[in-house]
Visitor: 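First the structure, then my questions, so here it is.
Treat the numbers as computed from the prediction; the structure is a model and nothing was measured. Numbers here are sequence positions counted from 1.
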Amino acid sequence: MFTHKDDFIQKQLYGCKRYFMRRNNISLYTTVLEFSRTTLATETVLELLIGLHDCLFCQRLVAVLQMDLVKHTGGCHCGAVRFEVLNSPDLHVFQCNCSICTKKQNHHFIVPKNHFTLLQGSDYLIKYTFNTHVAKHTFCKTCGVQSFYTPRSNPDGYGVAPHCLDPGTVRSVTVETFCGEKWEESMQAHKSIRDMSKPEADAQLKNTQ
């Protein structure tokens, strides 16, 4: 039975296979697969893999396979809403200054939908939208806490509140300021925020085409 990390690696290898098959070079995929099944974690093999396939895609694949993913759990204050999320223990948190994020201090890190699982509390969630109605601000109807939501920047993922995670799985937090007051300009200038909610393999394919 696969662990969360193993399942994630399998998805990346599937994306890798699609990438190489599109280029009629399945032999490179076979090499990557064999390395990942054996001793990919050793520095020697990592250096060899990057040396054999000197391209951004394969280097990112190596980074994904090395990734230290953990299962975070969290929820609202009253305990009605509970979730788990697969992410690095080193969180990249956005601090936005748009009107609603300022009022509710909506600090969040972004994950793909398939990294997030709502364990309980769907009946307790209330949704608030405004303006474009793309963002879905969900909060517990009992205690009022927003532990996660669907951001306008990443409607295909979730923004998770780091302060709503249970203690013990976060190693570090890096905060990036995002100018939500000039949302369109900020989105156009940001190079990676949209990819944060995409499965890693799809993001890699996009960046190599």
Visitor: Taking V111 as the starting point, is it possible to reach V175 by hopping between hydrophobic residues whose side chains are less than 4.5 Å apart?
Guide: yes
Visitor: Can you tell me if K136 uses its side chain to pair, donor with acceptor, with the backbone of V134 under 3.5 Å?
Guide: yes
Visitor: OH of Y124 to SG of C78: how many Å apart, nearest 0.5 Å?
Guide: 7.5 Å
Visitor: Might you confirm whether atom NZ of K104 has over 12 heavy atoms from other residues, nucleotides or ligands at distances under 6.0 Å?
Guide: yes
Visitor: If you take all heavy atoms of A80 and C76, which pair is closest and at what distance?
Guide: N-SG, 3.6 Å
Visitor: If every non-hydrogen atom of A135 is compared with every non-hydrogen atom of T129, which pair is closest and at what distance?
Guide: O-CG2, 3.4 Å
Visitor: So F116 and F83, ring pair (Phe, Tyr, Trp, His ring centres under 6.0 Å) or not? Walk me through it.
Guide: CA-CA 7 Å; F116 182 92; F83 64 82; 5.3 Å; yes
Visitor: How long is the gap from CG on N97 to CH2 on W183, to the nearest 0.5 Å?
Guide: 13.5 Å
Visitor: How are the rings of H92 and F94 set relative to one another: parallel (under 30°), tilted (30 to 60°) or perpendicular (over 60°)?
Guide: tilted
Visitor: Can you confirm whether K71 sits close enough to T169 that some side-chain heavy atom of one is under 4.5 Å from a side-chain heavy atom of the other?
Guide: no
Visitor: Which atom pair, heavy atoms only, marks the closest approach of R194 to S153?
Guide: NH1-O, 3.3 Å
Visitor: Tell me, do N87 and V160 make a side-chain contact under 4.5 Å, heavy atoms counted?
Guide: no
Visitor: Sub-3.5 Å donor-acceptor pair from the side chain of N154 to the main-chain atoms of I193, do we have one?
Guide: yes
Visitor: So how far is it from H190 NE2 to M196 CE, rounded to the nearest 0.5 Å?
Guide: 5.5 Å
Visitor: Show your working on side-chain contact (heavy atoms from CB on, under 4.5 Å) between H108 and I110 and close with a plain yes or no.
Guide: CA-CA 7 Å; H108 60 278; I110 298 170; 4.0 Å; yes
Visitor: Is the backbone of C179 close enough, under 3.5 Å, to the side chain of S186 for a donor and an acceptor to pair up by distance?
Guide: yes
Visitor: Kindly check if the number of other-residue, nucleotide or ligand heavy atoms within 6.0 Å of NE2 (H77) is above 12?
Guide: no
Visitor: Distance-only, no hydrogens or angles: does the H72 side chain make a donor-acceptor pair with backbone N or O of S88 under 3.5 Å?
Guide: yes
Visitor: Just jot down the side-chain contact (heavy atoms from CB on, under 4.5 Å) partners of T117, sequence neighbours excluded, or say none.
Guide: E84, L119
Visitor: Just verifying a value: how many Å separate K127 NZ and H133 NE2, rounded to the nearest 0.5 Å?
Guide: 11.0 Å
Visitor: Between Y128 and H137, what is the ring plane arrangement, given parallel below 30°, perpendicular above 60°, and tilted in between?
Guide: tilted
Visitor: Just how far is it from atom OG of S192 to atom NZ of K198, taken to the nearest 0.5 Å?
Guide: 11.5 Å
Visitor: Report yes or no: do Y149 and F130 belong to one cluster of Ile/Leu/Val/Met/Phe/Trp/Tyr joined by side chain heavy-atom distances under 4.5 Å?
Guide: no
Visitor: Between the side chain of T150 and the main-chain N/O of P155, is any donor-acceptor distance below 3.5 Å?
Guide: no
Visitor: Rounded to the nearest 0.5 Å, what separates atom SG in C96 from atom CD in Q105?
Guide: 10.5 Å
Visitor: If every non-hydrogen atom of G79 is compared with every non-hydrogen atom of Q120, which pair is closest and at what distance?
Guide: O-NE2, 2.9 Å
Visitor: I need the single residue from V85, T174, D90 that forms a side chain to side chain contact (heavy atoms under 4.5 Å, CB included) with F109. Which is it?
Guide: V85
Visitor: Look at the side chain of T138 and the backbone N and O of F148, then say whether any donor-acceptor pair between them is shorter than 3.5 Å.
Guide: yes
Visitor: Starting from the C-alpha separation in whole Å, work towards a yes-or-no answer on side-chain contact (heavy atoms from CB on, under 4.5 Å) for L165 and L91.
Guide: CA-CA 11 Å; L165 297 180; L91 305 181; 3.9 Å; yes
Visitor: Apply the side chain to side chain contact (heavy atoms under 4.5 Å, CB included) test between V81 and each candidate in C164, C143, C140; give the one that qualifies.
Guide: C140
Visitor: Evaluate R82 against D166 for side-chain contact (heavy atoms from CB on, under 4.5 Å), listing each step before the verdict.
Guide: CA-CA 10 Å; R82 295 289 299 169; D166 299 330; 2.6 Å; yes
